[in-house]
Amino acid sequence: MSTREEWNRRLQRQCHLNNDSVPRAAEFIHRSSKPRFYFEKLCRGKYTFCVCLSMLIFLTVASILLWYFLYYKCPFGKSCGRGGKCLSTIQWCDGVQDCSNGADESYCFRLKGIDFLLQSYLANDNVWLPVCAENWNDNYGSTVCEQMGYDSEFYVSSTQVNFSISDPKGYLKLKSGSSYKAPIQTQLMHSPQCSVRAVKLHCIECGKSLAISSGRIVGGREAVKGAWPWQVSLQAFSQHMCGGVIISQNWILTAAHCFQSLHDPKIFTVTYGDVKLSSMPSKRSVKSIICHNNFDPRTNAFDIALVKVSKPITFKKKAVRPLCLPNVDIQINRSSQAWITGWGQLFLHGPSPDTLNQAPVTIYKPEICNNRFVLNGLVTESMFCAGVLRGGVDTCQGDSGGPLVVNTGGIWWLIGVTSWGFGCGIRTKPGTYANVSLVREWIHKQMQDE
C-alpha cells in the first residue's frame, strides 16, 4: 500500500470518530505538514469545527493569562491583595477606600532610618516624601501613629529632624485649614520647599535595653534581667513552645510554623517579665493568631505570625519594653554582629534551660547562605541566614519565633525571627531567620485591622 493510501485510510477513520476525539485528531495531524491537505479535504465541516474550537481554547487561555498578569499580578498598579482588585497607583492613599479590605488606605505613612523620619506616600508620582514640620504638632503625630496601628496612649512625640539628599524631590506639607481629626494623608500637598525641618515621629518608646551580660542558646550565655525586655515565652498548655517579641502593648511577633499543629488561641499564653521561665511574673491569654498569608510550610517562606493578647501588656522600664520594628533604610551591614535569644535546647536533643540564653551571631550575605556548601539555595528573599560558619553558636529547638536583633544608632531593631535550620550549631550550617523588613507593611496592616 502506498504512503498516500495509508494516510487516506487513517484520515477517513478519524472523520467518523465522535467529537471527543477531535483534539486528538488535531494533535495527530499537527505533527506533519503532508497529511494536513488530506484532512482538510476529507473532514471539511469537522475541520472548521476543529479550527473554531482551537480558537476558542486559545482565546480562553489568553483571557485567563491577561487577567492574571494585568489584574491579579497588577504590573501597572497596586493590588488590593490576593483575589482583590487591581487599582491604579493614583487611587492609593487618596482618602477613598477602594479595596474592600482597606489595603489602599492602610499604609500611607512610614518611618525612615534611625532618625524616625516620617514619610507619606504621594500617589500621583508614586513616591515616598518626607513630611514638612510646618504647622505640625503632636495632635497630627498621634493621629498618624494611630493610623499606623499604634495606641495613642503610648505615643511619644513629634519633633523635627534635618533632611538632606543630593536630589530632593520635595516635601509633603499640611494644607491650610487642616484638621488632625480627618485622615492626614488627604490633607498633605506636594511642595518643593519646606521652611522648617522634617517631622521626626516616635509612636512608641522601643528598642531600649537595660544591659547586656558579658556574653544557653547553643554556644551562648545566660542573660541578665532587663537585657532583652521584649522577649516572651509563647506557651501551649503551660509549656514553653516558642519565643516571641513584644512590638506593642497588644501584639507579639513570632514564627508562623509554631502554629502548624496547634491553632486554637485558647490553648496559648504569653509569659514575660523575667529571664527565668520558672518565675515569670506576668501572663496574658491569646485573643487571636494571624499567620502571614504567604507562609509556605514546605519552604518556610514568610515564616511570620502575629499574636494579639487578650489584655494590653503593661510596660515596665527595666523588665518589659517593646522592640522596634525596622524602619525603612535601616542600614544593616551584612557580616555585622547581631544577637539571638531564647529558651531553646542547649544542643540538639539536649536539655532546655530555665534561664534565657543569648549569643552573638553574624548576618551573612545571600550568596554565602546559598552557597552549595552552606544552605545550597534554600534561603529565599523572605529570609536570611546568620550564625557562625565554624559552628558552635546557633538557635535550636524551642528558640523558634524569638528575635534576632541589631543595635544601630543606640537603638535595638528587630531584624529577624528565628525560623529553621539544619541541626543546631553545625559547621557551615547557620540558622535561618524570617526577614522582618520584608513584611513591615503586612504587620502594620494587621495592627490596624484588629
Side-chain angles (χ1 to χ4, degrees), residues 215-221 242-243 245 253-258 260 291-292 294-305 325-342 344-350 357-408 412-443:
R216 165 179 180 39
I217 274 207
V218 176
R221 297 182 179 181
C242 284
V245 190
L253 196 66
T254 186
H257 79 259
C258 292
Q260 279 187 263
C291 294
H292 196 283
N294 289 329
F295 170 58
D296 185 347
R298 296 168 302 173
T299 63
N300 283 311
F302 293 95
D303 191 8
I304 288 285
L325 292 171
N327 291 342
V328 177
D329 286 350
I330 288 293
Q331 298 300 317
I332 303 302
N333 180 26
R334 297 292 181 176
S335 299
S336 65
Q337 190 178 85
W339 287 83
I340 51 176
T341 51
Q345 295 173 358
L346 301 181
F347 51 87
L348 188 60
H349 307 308
N357 269 239
Q358 63 182 41
V361 293
T362 297
I363 300 175
Y364 294 111
K365 297 178 180 179
E367 52 267 31
I368 294 177
C369 299
N370 281 320
N371 184 284
R372 66 192 183 97
F373 297 111
V374 185
L375 296 176
N376 197 27
L378 295 177
V379 179
T380 69
E381 68 169 352
S382 70
M383 58 187 83
F384 61 88
C385 79
V388 178
L389 287 179
R390 68 176 181 272
V393 179
D394 196 4
T395 48
C396 203
Q397 278 65 41
D399 289 319
S400 292
L404 179 146
V405 300
V406 296
N407 191 306
T408 301
W412 289 98
W413 305 91
L414 176 60
I415 303 302
V417 168
T418 302
S419 180
W420 64 274
F422 290 102
C424 303
I426 297 175
R427 180 180 174 85
T428 72
K429 294 293 180 277
T432 309
Y433 301 81
N435 187 346
V436 178
S437 297
L438 197 65
V439 295
R440 183 190 306 107
E441 181 176 348
W442 177 83
I443 292 171

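Closest non-hydrogen pair, Phe295 versus Asn300, comes out as CE1-OD1, 4.0 Å. Shortest non-hydrogen contact noted between Val379 and Cys369 is CG2-CB, 3.9 Å. Contact detail for Val417 and Gly401: the closest heavy-atom pair is CG1-CA, 3.6 Å. Scanning all heavy atoms of the two residues, the minimum distance from Gly425 to Asp394 falls at N-OD2, 3.0 Å. For Gly243 against Thr254, the heavy-atom pair with the smallest separation is O-OG1, 2.9 Å. In terms of heavy-atom proximity, Thr418 sits nearest to Ala255 at O-CB, 3.8 Å.
To the nearest 0.5 Å, atom SG of residue Cys424 and atom NZ of residue Lys429 are 14.0 Å apart. Rounding to the nearest 0.5 Å places CG of Leu414 at 7.0 Å from CD1 of Ile443. Interatomic distance, CG of Leu404 versus OG of Ser419, reported as 12.0 Å (0.5 Å rounding). Annotation: the span from Asn327 atom CG to Trp413 atom CH2 amounts to 4.0 Å, rounded to 0.5 Å. Annotation: the span from Leu348 atom CG to Cys396 atom SG amounts to 5.5 Å, rounded to 0.5 Å. Between atom CD of residue Gln358 and atom CD1 of residue Ile340 there is a gap of 10.0 Å, rounded to the nearest 0.5 Å.
Contact of the Asp399 side chain with the Gln345 side chain is not registered, since no non-hydrogen atoms from C-beta on lie closer than 4.5 Å. A heavy-atom distance below 4.5 Å is found between the side chains of Pro326 and Ile415. Taking 4.5 Å as the limit, some side-chain heavy atom of Trp412 sits within range of a side-chain heavy atom of Trp339. Side-chain contact between Pro297 and His257 is absent, with no heavy atoms from C-beta onward closer than 4.5 Å. Contact of the Val328 side chain with the Arg440 side chain is registered, since non-hydrogen atoms from C-beta on lie closer than 4.5 Å. Counting only heavy atoms from C-beta outward, the side chains of Ser437 and Ile330 never approach each other to under 4.5 Å. The closest side-chain heavy-atom distance from Phe302 to Thr380 is not below 4.5 Å. Counting heavy atoms from C-beta outward, Thr432 and Asp303 have side chains that stay 4.5 Å or more apart.
Within 6.0 Å of atom CD in Glu381, 12 or fewer heavy atoms from other residues, nucleotides or ligands are found, so the atom counts as exposed in its surroundings.
Note: Phe384 and Tyr433 have parallel aromatic rings, judged against thresholds of 30 and 60 degrees for the angle between ring planes.
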Would you please test Ile304 and Trp442 for side-chain contact (heavy atoms from CB on, under 4.5 Å) and show each step?
-> CA-CA 10 Å; Ile304 288 285; Trp442 177 83; 3.6 Å; yes

Can you list the steps and then say if Val406 with Ile363 is a side-chain contact (heavy atoms from CB on, under 4.5 Å)?
-> CA-CA 10 Å; Val406 296; Ile363 300 175; 4.0 Å; yes

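Here the side chain of Tyr364 pairs a donor or acceptor atom with the backbone of Leu389 at under 3.5 angstrom. For Ser382 (side chain) and Asn435 (main-chain N/O), no donor-acceptor pair under 3.5 Å exists by modelled atom type. For the pair Asn371 (side chain) and Ile368 (backbone), a donor-acceptor distance under 3.5 Å is absent. Side-chain N or O atoms of Asn370 include one that pairs as donor or acceptor with a backbone N or O of Leu378 at under 3.5 Å.
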